[in-house]
Amino acid sequence: MINLETPKKMAPLIGQANQVAREVLRPISRKYDLAEHSYPKELDMLAAVIDGMNEGSENGGTGAAGVRRSSNGDGQSGNRNGTNLSTALSIIEMCWGDVGLLLTMPRQGLGNSAIASVASEEQLKHYGGKWAAMAITEPEAGSDSASIRTTATLDGEEYVLNGEKIFVTSGDRADLIVVWASLDRDKGRAAIKSFIVERDNPGLKLERLEHKLGIRASDTANFRLEDCRVPKEALLGSPEIDVKQGFGGAMQTFDNTRPLVAAMAVGVARAALEQTRECLQAAGVEIDHARPALSQSAAVSRFLELEADWEASKLLTMQAAWMADNGRPNSLQASMAKAKAGRTCVEVTLGCVEICGSVGYGESELLEKWARDAKILDIFEGTQQIQLLIVARQLLGKSSAELR
Ligand SMILES: Cc1cc2nc3c(=O)[nH]c(=O)nc-3n(C[C@H](O)[C@H](O)[C@H](O)COP(=O)(O)OP(=O)(O)OC[C@H]3O[C@@H](n4cnc5c(N)ncnc54)[C@H](O)[C@@H]3O)c2cc1C
């Protein structure tokens, strides 16, 4: 088995994250799977602990807001294990505990990563410490995020937002929502910018909360933006419409967040593999890593196959996060990690249900829940098919117009 060594300086952070996952998240995992839409109040205390861990850590934090390139990657430093990697590693631990709960952890939203990735220093100061959700998807724009219809029109010192946003993770619980909107729909993707909207803005109207297959602890909200006014300073990044740069600015967020979603998948899959190993051991089935998989029982052979895929997912995830820490362009590796880890998580969790049989399918264990939780990790932040498309474009040197 190949094993990438975890940086030693990150061991304490990983240990703390694992302890939190084991002692806080796992024990309430089933409770909030069953109680969809009720807020896991246990997380308030935990979020404060995580804030403390971030503040106290000189090597980078565990949080979504830790992923910031400008301050942690200059491309010159050679080998730096920074906040992108430490965040990915701690997310793996937390999602070993419960991915739905991690997704609804106060101040750890994907909007926080977006703000950390592209906000100015002033914006960081102004919005820092708040919980931010991310609203890109619309009824007519999912995978093709360039086709969003929400508009932002400048009116004096304010932008006025109008449109509809669906499937917003933590949309009903966060303090802020990062909303993607177009400054000029005739100018295509270059005109798409992100705007920070306070959750209590009267122009942001909650339509409903979704009922879902998995990650039920995490709320998913649908909104309508009706003449929703935000100050000019709420626009993240530059207001210029740079047709040459195209979508680059907005996409920068994904280079940081896709490795984190891949890390979620790695964490969930590891939980399933560990439980399955215990299940096999309890049944008296030995797993021997020193012998060829196919010379062992069918169950062990299948387990080793799943474990090898999991290992590959983890290595790709760490590579993509490490590249972000070192200021290296990582769009290709971020998509590779997300594609591999998302698909592997679905295969591993279902494979573990299969190996464990009725134990895997019943509610007495969490295996069936992990199999339900896994699928979303292969959908949001870009589906499996979209990641493969991005990888193909990059490898073949094709533009999004040439290969779609
Ligand atoms: C629980 C949950 C939470 C979410 N949270 C958020 C959030 O916080 N913020 C947010 O903005 N969005 C969020 N989303 C939305 C998510 O990002 C979208 O569902 C996803 O991008 C896919 O879009 P779609 O559902 O419209 O599917 P579609 O784009 O309609 O795709 C349908 C199918 O067609 C495939 N497909 C589409 N285009 C191509 C192509 N060119 N080539 C090959 N195959 C293609 C897709 O891979 C998919 O299998 C969430 C969704 C869910 C279910």
Side-chain angles (χ1 to χ4, degrees), residues 32-33 36-37 64 95 99-105 108-115 131-150 161 163-174 176-182 189 192-197 199 204 206-223 225 236 247 250-251 253-254 257-258 260-262 264-265 268 335 338-339 342-343 345-346 372-393 396 398-404:
Y32 288 103
D33 178 50
E36 193 174 20
H37 299 166
C95 292
V99 62
L101 291 167
L102 185 273
L103 282 165
T104 198
M105 190 73 69
Q108 306 299 331
L110 283 173
N112 290 97
S113 302
I115 293 173
W131 184 359
M134 182 90 176
I136 304 170
T137 308
E138 301 179 358
E140 305 299 325
S143 297
D144 183 12
S145 44
S147 64
I148 61 168
R149 296 179 177 187
T150 298
L161 306 182
E164 200 180 338
K165 293 289 172 186
I166 59 172
F167 287 108
V168 184
T169 297
S170 297
D172 195 34
R173 296 174 183 170
L176 309 169
I177 313 233
V178 177
V179 172
W180 281 28
S182 173
R189 55 186 64 202
I192 295 174
K193 303 284 172 184
S194 40
F195 299 82
I196 301 181
V197 181
R199 177 63 191 84
L204 185 70
L206 177 73
E207 299 243 289
R208 68 167 200 280
L209 296 177
E210 294 289 344
H211 289 279
K212 306 190 296 293
L213 172 74
I215 57 160
R216 290 187 181 152
S218 161
D219 74 317
T220 310
N222 294 356
F223 291 104
L225 293 131
L236 280 173
F247 225 11
M251 287 294 157
T253 308
F254 287 138
T257 54
R258 282 179 176 153
L260 302 187
V261 178
M264 293 176 197
V268 175
S335 284
K338 168 75 171 67
R343 187 173 65 236
C345 185
V346 173
R372 286 187 286 109
D373 287 347
K375 189 62 201 173
I376 189 57
L377 303 170
D378 204 27
I379 296 177
F380 65 14
E381 289 294 291
T383 63
Q384 175 69 216
Q385 292 75 12
I386 294 304
Q387 304 304 336
L388 295 183
L389 195 56
I390 294 168
V391 170
R393 278 182 199 142
L396 300 172
K398 304 256 184 214
S399 68
S400 51
E402 288 167 325
L403 195 61
R404 54 173 118 186

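Please read all numbers here as calculations on a predicted model, not as lab measurements. Order of listing sets the numbers, starting from 1, for every ligand and every atom in it.
For atom 25 (O) of ligand 1, the nearest protein heavy atom lies 4.0 Å away or farther. For atom 3 (C) of ligand 1, the nearest protein heavy atom lies closer than 4.0 Å. When distances from atom 32 (C) of ligand 1 to the protein are checked, no heavy atom turns up under 4.0 Å. Checking atom 47 (O) of ligand 1 against the protein gives a heavy-atom contact under 4.0 Å.
Using modelled atom types, one side-chain atom of K338 and one backbone atom of L377 make a donor-acceptor pair closer than 3.5 Å. Between the side chain of H211 and the backbone N or O of R216, no donor-acceptor pair lies under 3.5 Å. In terms of modelled atom types and a separation under 3.5 Å, the side chain of E140 and the main chain of R149 share no donor-acceptor contact. Put simply, the side chain of N112 never gets that close to the backbone of A133: no donor and acceptor are under 3.5 Å apart. For S170 (side chain) and R173 (main-chain N/O), no donor-acceptor pair under 3.5 Å exists by modelled atom type.
Contact annotation: the side chain of I148 approaches that of K165 to within less than 4.5 Å [non-hydrogen atoms, C-beta and beyond]. The shortest side-chain heavy-atom distance between Q385 and S143 does not fall under the 4.5 Å cut-off.
Taking every heavy atom of Q385 and a limit of under 4.0 angstrom, the matching atoms of ligand 1 come to 43 (C), 44 (N), 46 (C), 47 (O), 49 (O). Ligand-side atoms of ligand 1 in range of L389: 41 (N), range being under 4.0 angstrom from any heavy atom. Close approach to T169 involves these atoms of ligand 1, each under 4.0 Å from a residue heavy atom: 3 (C), 4 (C), 5 (N), 6 (C), 7 (C), 8 (O).
Residues D172 and R199 are paired through a salt bridge, judged by an N-O separation under 4.0 Å between the basic side chain and the carboxylate.
Under the side-chain hydrogen bond (donor to acceptor under 3.5 Å, both in side chains) criterion, D378 pairs with Q384, not counting sequence neighbours.
For the pair F167 and ligand 1, the shortest N or O to N or O distance falls below 3.5 Å. The shortest N/O to N/O separation between R404 and ligand 1 does not fall below 3.5 Å. Considering backbone and side-chain N/O of M134, one or more are found under 3.5 Å from N/O of ligand 1. For ligand 1, one of its N or O atoms has an N or O atom of T383 under 3.5 Å away.
With a 4.0 Å heavy-atom cut-off, ligand 1 is reached by the side chain of K212 but not by its N, CA, C or O. When heavy-atom distances to ligand 1 are checked against a 4.0 Å cut-off, D144 has no atom that comes that close, whether in backbone or side chain.
Protein heavy atom at the shortest distance from atom 52 (C) of ligand 1 is I376 CD1, 3.3 Å. Nearest protein heavy-atom contact of atom 39 (C) of ligand 1 is I386 CD1, 3.8 Å. Summary of contacts: the protein heavy atom closest to atom 11 (O) of ligand 1 is I136 N, 2.7 Å. Ranking protein heavy atoms by distance to atom 19 (O) of ligand 1, first place goes to I379 CG2, 3.9 Å.
Within the 4.0 Å heavy-atom shell around ligand 1 one does not find L110.
For atom 28 (P) of ligand 1, the candidate residues are A114, S143, G142; the nearest heavy-atom contact is made by S143. For atom 10 (C) of ligand 1, the nearest non-hydrogen atom from the set D378, T220, T137 belongs to T137.
Looking at L103, L102, I376, V99 one by one, the single match for side chain to side chain contact (heavy atoms under 4.5 Å, CB included) with S218 turns out to be L103.
For the atom pair K375 NZ and R343 CZ, the distance stands at 10.5 Å (nearest 0.5 Å). Between atom CG of residue L236 and atom NZ of residue K193 there is a gap of 10.5 Å, rounded to the nearest 0.5 Å.
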